[in-house]
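To start, the structure itself, in structure tokens.
Residue numbers start from 1 in every chain, and the chains themselves are labelled A, B, ... in the order their sequence lines are given, proteins ahead of strands.
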Amino acid sequence: MNKVVSGAEEAIKGIADGMTLLVGGFGLCGIPENSIAALVNSSVKNLTCVSNNAGVDDFGLGLLLQKRQVKKMISSYVGENAEFERQLLAGELEVELIPQGTLAERCRAGGAGIPAFYVPAGYGTEVAEGKEIREFNGKPHLLEQAITGDFAIIKAWKGDTHGNLVYRATANNFNQPMAMAGKITIAEVEELVPAGTLDPAQVHTAGIFVQRIFEGKNYEKRIEKLTEKASGELASGK
Amino acid sequence: MGLTKEQIAQRIARELQDGYYVNLGIGIPTLVANYIPEGIEVVLQSENGMLGMGAFPEKGHADPDLINAGKQTVTIQPGGVFFDSATSFAMIRGGHVDLTVLGAFEVTDTGDIASWKIPGKMVKGMGGAMDLVAAAKNIIVAMQHTSKDGQSKLLKACTLPLTGVGCVKKVVTDLAVLDITEEGFVLLERAPGVSVEEIQKATDGRLVIRRDIPEMQF
């Protein structure tokens, strides 16, 4: 068992032009910063990136977009990125927008060996175009197909040398379903520990889904929208 | 004249019941959290992976790993829990969320909703809105009754790309509270100082007025 690699550069070896990458994170929360930086420093291009969002102009997947390394984005929400919008309107970038829950489940299904499944989301909308529709319990559903990636690139809080992963707070998000759906899954973690250190009952992603793991460096963990009590009492919660 | 955004949120909060799991969308729906009635406990679901969403953090205590679906830094309440996106939407799709409150550009008298795209102007994506409206047991829309140039947003048919069909159950606007039934929009309450005639004028979809319509109290 040797899943530990020296760093992001070694981890992304084998990622080639035209491949499909599943990239974990929600907004800038829980994104694989080190691996994205390594991809930006590589010459790989024409990538199809499956990611809930597309980063912001100067961070996250936005960095790959700036360098024109992405041919197609498959996402649920791509606001917050002006360069993305420019490339989209100029016809330089293909975009497929998918309802968020359907996107998460398509990845989970891809990792779980379920080639397709029915969901109600998107019935009667442009998302349904060209898809098989079938009624269950009197309600119409769309047939949605699983997504897998040549590579999945994800971020966890702690991981061990067997690839077992624990996420922190809402930084789990798409990392867990995407970890399952990569032919090769690269996990970068804030803290890499020896196997046997993590409580087996508290592991979120079992190491069987992870092929390469490394401890990342210099996490910026940029906050997309800083909201504090002093900056606005009208918030979420009692 | 008409309700403020805060008052729309305050009115929607009266629909909450003890033990409800609620998903609040971005914008006016988020404000509903500020008006949860005394003595009842409501658990807020954030579709990026949290139950028990709390208030914004104290100054200097923001945690980049702890955000809501609007990407704002938040806190978690006692009894709250984190999970992944697939599990989050299992809660939504599986009908475990009691109430969804979201905004909209347009709503129809049959419960269709358009909320995610303005062709040629705004293409940001639907996020979780299509999953939420397709599956939630109860959906309340918070919106302005008319556009800035006075066009009705309560229509017979949406002009913008749909988010979902036949799913909205109730609409709370700056002018009125309306249920959506087989007969169309059923007027339940009117904003203080707003007449039934004004609501009729501002509503393009079928409008049912069954009785004397009470004024909302604040």
Thr102(A) and Asp131(B): side chain to side chain contact (heavy atoms under 4.5 Å, CB included), yes or no, with the steps?
CA-CA 7 Å; Thr102(A) 298; Asp131(B) 312 88; 3.5 Å; yes
What part of Ile67(B) is in contact with chain A, defined as an atom under 4.5 angstrom from a non-hydrogen atom: side chain, backbone, both or neither?
both
Cut-off 4.5 Å, heavy atoms of chain B, and the answer for Val127(A) is side chain
Step by step, would you call Leu97(A) with Met126(B) a side chain to side chain contact (heavy atoms under 4.5 Å, CB included)?
CA-CA 7 Å; Leu97(A) 293 168; Met126(B) 66 291 282; 3.9 Å; yes
Heavy-atom cut-off 4.5 Å, strictly under: side chain, backbone, both or neither for Leu28(A) against chain B?
neither
State, with a plain yes or no, whether a side-chain heavy atom of Gln72(B) is found less than 4.5 Å away from one of Glu224(A).
no
Counting C-beta onward and ignoring hydrogens, is there a side-chain heavy-atom pair between Phe89(B) and Arg108(A) closer than 4.5 Å?
no
For the atom pair NZ (Lys124(B)) and OG (Ser75(A)), what is the distance rounded to the nearest 0.5 Å?
13.5 Å
Taking the side chain as everything from C-beta on, heavy atoms only, tell me whether Ile223(A) gets closer than 4.5 Å to Thr73(B).
yes
Nearest heavy-atom pair of Cys29(A) and Pro64(B): which atoms, and what distance?
SG-O, 3.5 Å
Heavy-atom pair of closest approach, residues Met130(B) and Pro99(A):
SD-CG, 3.8 Å
Please, which pairs that meet ring pair (Phe, Tyr, Trp, His ring centres under 6.0 Å) have at least one residue in residues 83-125 of chain A, sequence neighbours excluded?
Tyr118(A)-Phe136(A)
Can you tell me which portion of Arg168(A) sits under 4.5 Å from chain B's heavy atoms? Options are side chain, backbone, both or neither.
both
Most heavy-atom pairs under 4.5 Å with chain A, out of Val32(B), Leu24(B), Asp63(B), belong to Asp63(B)
Thr170(A) side chain vs Asp65(B) backbone, donor-acceptor pair below 3.5 Å
yes
With a 4.5 Å cut-off on heavy-atom pairs, point out which of Gly49(B), Gly127(B), Ala129(B), Gly125(B) contacts chain A the most.
Gly127(B)
Could you go step by step and tell me if Tyr77(A) and Lys71(B) meet the side chain to side chain contact (heavy atoms under 4.5 Å, CB included) rule?
CA-CA 12 Å; Tyr77(A) 188 84; Lys71(B) 286 135 192 158; 3.6 Å; yes
Of all of Gly60(B), Gly164(B), Ala90(B), Pro161(B), which one pairs up most often with chain A through heavy atoms under 4.5 Å apart?
Gly60(B)
Which portion of Glu190(A) sits near chain B, non-hydrogen atoms under 4.5 angstrom:
side chain
Relative to chain A, which segment of Ser46(B) carries a heavy atom at a distance below 4.5 Å: side chain, backbone, both, or neither?
neither
Quick check for you: among Ser85(B), Gly70(B), Ser88(B), which has the greatest number of heavy-atom pairs under 4.5 Å with chain A?
Ser85(B)
With a 4.5 angstrom heavy-atom cut-off, is it the side chain or the backbone of Asn52(A) that approaches chain B, or both, or neither?
neither
Quick check: closest heavy atoms across Phe56(B) and Glu228(A), and the distance to 0.1 Å?
CB-C, 3.7 Å
Going through the distances and angles, do Lys229(A) and His61(B) end up as a side chain to side chain contact (heavy atoms under 4.5 Å, CB included)?
CA-CA 10 Å; Lys229(A) 272 193 177 158; His61(B) 286 79; over 6 Å; no
Nearest heavy-atom approach of Leu162(B) to Gly124(A) is CD1-O, 3.4 Å
